[in-house]
A.B. asks: 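Structure below; questions to follow.
In what follows, every chain begins at residue 1, and chains take the letters A, B, ... in the order their sequences are listed. Side chains included, hydrogens not; waters and symmetry mates left out as well; all remaining heavy atoms used.
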Amino acid sequence: MTIPAPEPKSLHFIEEIMEGDLASQKHAGRIMTRFPPEPNGYLHIGHAKSICINFGLAQKYGGRTNLRFDDTNPVKEDVEYVDSIREDVKWLGFDWAGEYYASDYFQFLYDYAEYLIAQGKAYVCDLSDEQIKEYRGNFYTPGKNSPFRDRSPEENLDLFRRMKAGEFADGSRTLRAKIDMQSPNMNLRDPLMYRIRRAHHHRTGDAWLIYPMYDYAHGVSDAIETITHSICTLEFEDHRPLYDWFLEQDVEGKFFQRPLPRQIEFARLNLTHTVMSKRRLLQLVQEGQVRGWDDPRMPTICGLRRRGYTPEAVRAFAEHVGVAKRDMVADVELLEHCIRTDLEQHAPRAMAVLRPLKVVITNMADHEGFEVELPRHPELPELGSRRLPFANELWIDQDDFREEAPKKWFRLAPGAEVRLRGAALITCREIVKDGNGNVVELRCTWDPASKGGDAPDGRKVKGTLHWVSARHALDAEVRLYEQLFLQADPMDVPEGQDWHQGINPTSLEILTAKVEPGLATAVPGDRFQFERTGYFAVDLDSRPGALVFNRTVGLKDSWAKIEAKG
RNA sequence: UGGGGGGUCGCCAAGUGGUAAGGCAGCGGGUUUUGAUCCCGCCAUUCGAGGGUUCGAAUCCUUCCCCCCCAACCA
């Protein structure tokens, strides 16, 4: 018997670039990437894709990845976010080589700016906000040179130093790169390098009054860290000439090691039935549409974590969606597939009745109860087993009983026999209703010969239900989640309406369930498969005696499909 | 009316001149003490459209169409 040769996995375009660079020894066989979040919000699954690409590629090619906080705008950034970002990256399973901050490089950035000024490549501009905009022109009209464009290097140096020293008011002057006001690429029309901002920075405090702009700081930071491949999203594509320009002005090679880093852009992740922009996510939180950034309905990494997603599943998802340059919207079902696959293999099984319906076994006495033993996981004997009490009063799920059984129904119905998983066969003999006609209790008989669940006469019983002993069951709060938005694309709303229209009013449903007694010791972070219903994770709010479970994802439900088709 | 990207199955995505991988979803069937899992099978005569080159084109040329991004002292 021969083992089939593994199919050579095709490479995505970034891997091709890297392998090409490795082959040509461009960076002497070195691969260095960075994940550069701005500490102004929580990370979401889109960032997770970027994290997986940056760390994953470095890992694959024996390289390293830095975590660098892009903190060049003190008015928007805060330490609060730094910690959450660190935690999320770690949780995803990645270790960074170095932890840096763009602000670590403020002095370097400043020195290089002076160098550019000295070379006549940058100038101090006195134009106001509005004037700069006006001089910049637009897509169809070339820009006009700033009247301050031809100041001498000496004057510029003096002015720039005085900007730094605090002699000028906020917004009164800027440092600009002298490139080309006529360029069809707006980014090259003398972009701003520095602005004056008397703002307290979360790391440098009040040491600086001038702060560098992204385009200037980012590439320089990459070069300082000797990043080989600077991976970012598509919207930075036409910033690349500027990225290169700033680094290439180091004509004497006094500032950066060669070869210089290369910026590569890929398509950001979008997910169906959710929004991904920081602004909208913030709105959901502020408006109370969700209970916070880590609400399990949020596409944030902390939300997914709280919901019960595993880092493995998130990484698998990133792997599945691939890396390319075309705009993409991943189907949330792919994400769900990834978490189901992981949890199916690892999550211990348990029984929980979400919407309890009482079952009384009429031919069993109070003292006739017994214990059944069930494996924690059908495929993992090493996980051991659990013992469940069975007695004459039980809870089953309301979904498992129909007074009028539809076609192909093999759950409980009047006169029907079903198996209670691992315990026994019961037959429904009588229905008890309340004054409103609601079924409140089922009176059933059991076949004592079927203890364990099999009938000795070999009669076939197709339906198997989960159950829990009423006397022994624990109450638990169960939070059921659905998509936050009803439509695949929340932004696709009729003319004149806004995206709030699409918010799913029933994205959260809270139930009091009856769960098997062994769950009493479950602690936040524990994950289970509640048999026949879904995967659940113990929530942060859970306490001994006051259990709270989040439904991470439901099991696939082919009965629902059959019924939907009629 | 400028510049930069992109268009291969409902959603992702391989393919780089030799006759359309794979995953998700969907559909059919088998196994099953979870209607789960697992297993098997089906699912693009066609690659945004039209022309052309070639024995041969998703891949080359050409014209056209559509989508996304760019006019913050944001990143």
Side-chain angles (χ1 to χ4, degrees), chain A residues 7 9-12 36-38 40 70-73 75-77 102 125 127-129 132-133 136-143 170-176 183-189 192-197 210-211 213-215 217-218 232-241 265 267 269 272 278 319-338 340-341 344-345 349 351 374 378-379 408-411 418-423 425 452-454 461-466 488 529-535 554-563:
Chain A
E7 253 177 69
K9 217 234 167 220
S10 58
L11 304 175
H12 61 67
E38 182 186 16
N40 73 340
D70 224 332
D71 57 351
T72 56
N73 187 359
V75 312
K76 290 173 65 182
E77 295 142 8
C125 183
L127 254 26
S128 71
D129 200 338
I132 287 177
K133 189 176 180 143
R136 187 151 40 216
N138 57 41
F139 296 155
Y140 318 113
T141 318
D170 282 16
S172 63
R173 284 181 224 259
T174 56
L175 182 71
R176 297 231 250 163
S183 175
N185 181 345
M186 300 291 290
N187 295 116
L188 265 21
R189 319 247 264 226
L192 268 51
M193 292 172 63
Y194 273 93
R195 72 281 220 185
I196 304 172
R197 261 230 213 316
I210 56 173
Y211 291 96
M213 303 289 290
Y214 166 86
D215 285 303
H218 200 87
C232 63
T233 43
L234 254 28
E235 68 270 27
F236 291 101
E237 217 149 14
D238 46 19
H239 290 236
R240 196 188 329 131
E265 313 85 14
L269 173 73
T272 58
K278 275 181 192 172
E319 193 65 42
H320 278 269
V321 295
V323 179
K325 295 196 72 152
R326 63 175 85 92
D327 294 325
M328 55 93 73
V329 185
D331 198 324
V332 72
E333 287 187 85
L334 178 59
L335 213 211
E336 295 182 339
H337 161 79
C338 292
R340 279 197 195 100
T341 302
E344 159 62 29
Q345 293 170 50
R349 313 279 121 128
M351 290 204 279
L374 284 173
E379 309 295 331
K408 288 178 149 168
W409 175 263
F410 39 82
R411 275 118 98 147
V418 296
R419 172 168 34 244
L420 293 181
R421 164 136 244 229
L425 263 21
D454 274 317
V461 174
K462 198 92 160 95
T464 300
L465 312 186
H466 56 284
Q529 183 199 91
F530 287 169
E531 291 200 65
R532 302 210 310 132
T533 70
Y535 295 98
L555 251 31
K556 283 217 202 155
D557 187 352
S558 59
W559 163 249
K561 281 183 193 169
I562 292 168
E563 190 168 38

A.B. asks: Given atom CD of A:Glu235 and atom P of B:rA71, what is their separation to the nearest angstrom?
C.D. replies: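 Distance, rounded to whole Å: 11 Å.
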A.B. asks: Take A:Arg532 and A:Asn138, find for each the nucleotide of RNA chain B with the closest heavy atom, and name the residue whose nucleotide sits nearer the 5' end.
C.D. replies: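 With A:Arg532 and A:Asn138 compared, the 5'-side residue is A:Arg532.
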A.B. asks: Is the CD atom of A:Glu319 crowded by more than 12 outside heavy atoms at less than 6.0 Å?
C.D. replies: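 Count not over threshold, so no.
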A.B. asks: Contact class for A:Phe410 (heavy atom, under 4.0 Å): base, sugar-phosphate, or nothing?
C.D. replies: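 Base, at least one base atom sits under 4.0 Å.
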A.B. asks: Between B:rU16 and B:rG26, how far is it from one P atom to the other, in whole Å?
C.D. replies: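 My reading of the P atoms in B:rU16 and B:rG26 gives 31 Å.
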A.B. asks: In terms of the nearest nucleotide of RNA chain B, which residue is placed more toward the 5' end: A:Pro184 or A:Leu374?
C.D. replies: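 Counting from the 5' end, the first nearest nucleotide belongs to A:Pro184.
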A.B. asks: Taking the side chain of A:Gln529 as its heavy atoms from C-beta onward, which of B:rC24, B:rA75, B:rU34 lies nearest to it?
C.D. replies: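 Nearest listed nucleotide: B:rU34.
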A.B. asks: Roughly how far apart, to the nearest Å, are B:rG6 and B:rU59 at atom P?
C.D. replies: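 Those two atoms are separated by 16 Å.
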A.B. asks: Would you indicate what A:Leu127 reaches in the nucleic acid, counting non-hydrogen atoms under 4.0 angstrom: base, sugar-phosphate, or nothing?
C.D. replies: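 Since a base atom lies under 4.0 Å of A:Leu127, the category is base.
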A.B. asks: Using atom C1' in both nucleotides, what's the gap between B:rC40 and B:rU53 to the nearest angstrom?
C.D. replies: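 Looking at atom C1' only, B:rC40 and B:rU53 are 45 Å apart.
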A.B. asks: I want to check something: taking the side chain as every heavy atom from C-beta on, are A:Asn73 and A:Arg197 in contact at a cut-off of under 4.5 Å?
C.D. replies: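 Answer yes - side chains close enough.
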A.B. asks: Scan A:Lys462 against the nucleic acid and name what it touches under 4.0 Å (heavy atoms): base, sugar-phosphate only, or nothing.
C.D. replies: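 Here A:Lys462 touches the bases of the nucleic acid.
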A.B. asks: Between B:rA36, B:rC74, B:rG2, which nucleotide gets closest to the side-chain atoms of A:Leu555?
C.D. replies: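 Shortest atom-to-atom distance from the side chain points to B:rA36.
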A.B. asks: Hey, are the side chains of A:His239 and A:Asn185 touching, using non-hydrogen atoms and a 4.5 Å cut-off?
C.D. replies: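 No, side chains not in contact.
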A.B. asks: Just N and O in the side chain of A:Arg197: are any of them under 4.0 Å from OP1 or OP2 of B:rA72?
C.D. replies: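 Negative; the distance criterion is not met.
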A.B. asks: Mind checking A:Ser128 for me? I need base, sugar-phosphate or nothing, with any heavy atom below 4.0 Å counting as a touch.
C.D. replies: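 Counting heavy atoms under 4.0 Å across all strands, the contact made by A:Ser128 includes a base.
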A.B. asks: Heavy atoms only, 4.0 Å cut-off, all strands: where does A:Val75 land among base, sugar-phosphate and nothing?
C.D. replies: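 If one applies the 4.0 Å heavy-atom cut-off, A:Val75 turns out to touch nothing in the nucleic acid.
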A.B. asks: Can a donor-acceptor pair under 3.5 Å be found between the side-chain atoms of A:Arg411 and the base atoms of B:rG35?
C.D. replies: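 Answer is yes: a donor-acceptor pair is held.
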A.B. asks: Under 4.0 angstrom, heavy atoms only, what part of the nucleic acid is A:Pro241 near: base, sugar-phosphate, or nothing?
C.D. replies: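 Nothing, no nucleic acid heavy atom in range.
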A.B. asks: Would you indicate which nucleotide in B:rC69, B:rA14, B:rA71 comes nearest to any side-chain atom of A:Asp238?
C.D. replies: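 Looking only at side-chain atoms, A:Asp238 lies closest to B:rC69.
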A.B. asks: Hey, does A:Phe236 reach any base, or is it just sugar-phosphate, or nothing, if we go heavy atoms under 4.0 Å?
C.D. replies: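 Since a base atom lies under 4.0 Å of A:Phe236, the category is base.
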A.B. asks: Should the side chain of A:Gln345 and the base of B:rU37 be counted as holding a donor-acceptor pair, with the cut-off at 3.5 Å?
C.D. replies: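 Side chain to base: no pair below 3.5 Å.
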A.B. asks: So, OP1 or OP2 of B:rG23: does either fall under 4.0 Å of a side-chain N or O from A:His320?
C.D. replies: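 No, no such contact exists.
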A.B. asks: From C-beta outward on A:Glu237, which listed nucleotide comes closest to its side chain: B:rC12, B:rG5, B:rA71?
C.D. replies: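 Given the options B:rC12, B:rG5, B:rA71, the side chain of A:Glu237 is closest to B:rG5.
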A.B. asks: Are A:Tyr211 and A:Ile196 close enough that some pair of their side-chain heavy atoms sits under 4.5 Å apart?
C.D. replies: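 A side-chain contact under 4.5 Å is absent here.
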A.B. asks: Taking the side chain of A:Tyr140 as heavy atoms from C-beta outward, which of B:rC11, B:rU1, B:rA36 is closest to it?
C.D. replies: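 Per side-chain heavy atoms of A:Tyr140, the pick is B:rU1.
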A.B. asks: Starting the side chain at C-beta, find the nucleotide from B:rC12, B:rA75, B:rA71 nearest to A:Phe139.
C.D. replies: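 The nucleotide sitting nearest to the side chain is B:rA71.
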A.B. asks: From the options B:rU33, B:rC70, B:rC74, select the nucleotide whose nearest atom is closest to the side chain of A:Asn187.
C.D. replies: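 That would be B:rC70.
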A.B. asks: Which one, B:rG3, B:rC27, B:rC74, comes nearest to the side chain of A:Lys561?
C.D. replies: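 The closest nucleotide is B:rC27.
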A.B. asks: May I ask you to decide if the ring planes of A:Tyr214 and A:Phe236 are parallel, tilted or perpendicular, using 30° and 60° as cut-offs?
C.D. replies: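 Because their plane-to-plane angle lies in the 30° to 60° range, the rings of A:Tyr214 and A:Phe236 count as tilted.
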A.B. asks: Once you apply a heavy-atom cut-off of 4.0 Å, does A:Ile132 come out as touching a base, just sugar-phosphate, or nothing?
C.D. replies: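 Here A:Ile132 touches the bases of the nucleic acid.
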A.B. asks: Can you tell me the base-pairing partner of B:rG41? Count Watson-Crick or G-U wobble geometry only, both distances below 3.5 Å, and say none if there is no partner.
C.D. replies: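 Check on B:rG41: paired to B:rC27, both distances under 3.5 Å.
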A.B. asks: In whole angstroms, how far is the P atom of B:rG15 from the NE2 atom of A:His12?
C.D. replies: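 It is 11 Å, rounded to the nearest whole Å.
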A.B. asks: For B:rU32 versus B:rC27, give the span between their P atoms, rounded off to a whole number of Å.
C.D. replies: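 Comparing P positions in B:rU32 and B:rC27 gives a spacing of 23 Å.
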A.B. asks: Considering only heavy atoms from C-beta outward, does the side chain of A:Trp559 approach that of A:Lys408 to under 4.5 Å?
C.D. replies: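 Answer yes - side chains close enough.
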A.B. asks: Between atom CE in A:Met351 and atom P in B:rU33, what is the gap in whole Å?
C.D. replies: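 Value for this atom pair: 16 Å.
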A.B. asks: Hey, does the side chain of A:Arg326 come within less than 4.0 Å of B:rA13's phosphate (OP1/OP2), counting only N and O?
C.D. replies: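 Yes.
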A.B. asks: Quote, to the nearest angstrom, the C1' distance that separates B:rU8 from B:rA14.
C.D. replies: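 One C1' to the other, the span is 10 Å.
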A.B. asks: When you measure from the side-chain N and O atoms of A:Arg136 to the phosphate of B:rC73, is any distance below 4.0 Å, counting only OP1 and OP2?
C.D. replies: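 Yes, A:Arg136 has a side-chain N/O under 4.0 Å of OP1/OP2 on B:rC73.
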A.B. asks: Is A:Ile562 touching bases, backbone alone, or none of the nucleic acid, heavy atoms closer than 4.0 Å?
C.D. replies: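 Base: the residue A:Ile562, judged by heavy atoms under 4.0 Å, touches a nucleobase.
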A.B. asks: If you measure from the P atom in B:rC68 to the same atom in B:rA75, how many Å do you get, rounded?
C.D. replies: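 To the nearest whole Å, 26 Å.
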A.B. asks: Carefully, step by step, assess A:Arg421 and A:Arg532 under the rule side-chain contact (heavy atoms from CB on, under 4.5 Å).
C.D. replies: CA-CA 11 Å; A:Arg421 164 136 244 229; A:Arg532 302 210 310 132; over 6 Å; no
A.B. asks: Which one, B:rG23, B:rG35, B:rA36, comes nearest to the side chain of A:Thr464?
C.D. replies: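 In terms of side-chain proximity for A:Thr464, the closest of B:rG23, B:rG35, B:rA36 is B:rG35.
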A.B. asks: A:Arg349 side chain to A:Glu531 main-chain N or O, any donor-acceptor pair under 3.5 Å?
C.D. replies: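 A pair under 3.5 Å: no.
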A.B. asks: Check every strand shown and say whether A:His466 touches a base, only sugar-phosphate, or nothing at a heavy-atom separation below 4.0 Å.
C.D. replies: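 Touches nothing.
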A.B. asks: If the cut-off is 4.0 Å, is A:Ser558 near the phosphate of B:rA36, judged by side-chain N/O to OP1 or OP2?
C.D. replies: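 Checking A:Ser558 against B:rA36: at least one side-chain N or O falls below 4.0 Å of OP1 or OP2.
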A.B. asks: If we take the C1' atom in both B:rC65 and B:rG29, what is their distance in whole Å?
C.D. replies: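 After rounding to an integer number of Å, I get 44 Å for this pair.
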A.B. asks: Taking only side-chain N and O atoms of A:Lys556, does any of them lie within less than 4.0 angstrom of OP1 or OP2 on B:rA25?
C.D. replies: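 A:Lys556 to B:rA25 OP1/OP2: side-chain N or O found under 4.0 Å.
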A.B. asks: Is there side-chain contact between A:Leu127 and A:Arg176, with heavy atoms separated by less than 4.5 Å?
C.D. replies: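 In contact.
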A.B. asks: Is A:Arg189 reaching over with its side chain to a backbone N or O of A:Ser183, donor-acceptor style, under 3.5 angstrom?
C.D. replies: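 Side chain of A:Arg189 to backbone of A:Ser183: a pair is present.
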A.B. asks: On the nucleotide B:rC74, are OP1 or OP2 found under 4.0 Å from the side-chain N or O atoms that A:Asn73 carries?
C.D. replies: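 Answer yes for this pair, as a side-chain N or O of A:Asn73 is under 4.0 Å from OP1 or OP2.
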A.B. asks: Under a 90° cut-off about 0 for the syn range, is B:rA13 syn or anti?
C.D. replies: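 It is anti.
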A.B. asks: Taking the C1' atom in each of B:rG7 and B:rC42, what is the distance between them to the nearest angstrom?
C.D. replies: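 It comes out at 28 Å once rounded to the nearest Å.
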A.B. asks: For A:Asp454, which contact category applies under a 4.0 Å heavy-atom criterion: base, sugar-phosphate, or nothing?
C.D. replies: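 Base contact.
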A.B. asks: For A:Arg349, answer base if it contacts any base atom (sugar-phosphate contacts may also be present), sugar-phosphate if it contacts only those atoms, and nothing otherwise; contact means non-hydrogen atoms under 4.0 Å.
C.D. replies: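 The answer is base, as A:Arg349 lies within the cut-off (heavy atoms under 4.0 Å) of a base atom.
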A.B. asks: Hey, is the side chain of A:Arg340 poking within less than 4.0 Å of OP1 or OP2 on B:rC24, counting only N and O atoms?
C.D. replies: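 It does not, given that no N or O in the side chain of A:Arg340 lies less than 4.0 Å from OP1 or OP2 of B:rC24.
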A.B. asks: To the nearest angstrom, how far is A:Tyr194 atom OH from B:rC73 atom C1'?
C.D. replies: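 From A:Tyr194 OH to B:rC73 C1': 14 Å.
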A.B. asks: For the side chain of A:Met213, starting at C-beta, report the closest nucleotide among B:rC73, B:rC24, B:rU1.
C.D. replies: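 Looking only at side-chain atoms, A:Met213 lies closest to B:rC73.
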A.B. asks: Distance check needed: B:rC70 C1' versus A:Leu188 CG, whole Å only.
C.D. replies: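 Between C1' of B:rC70 and CG of A:Leu188: 12 Å.
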A.B. asks: Expressed in angstrom and rounded to an integer, what is the separation of A:Glu344 atom CD from B:rU37 atom C1'?
C.D. replies: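 Distance check: A:Glu344 CD to B:rU37 C1' gives 4 Å.
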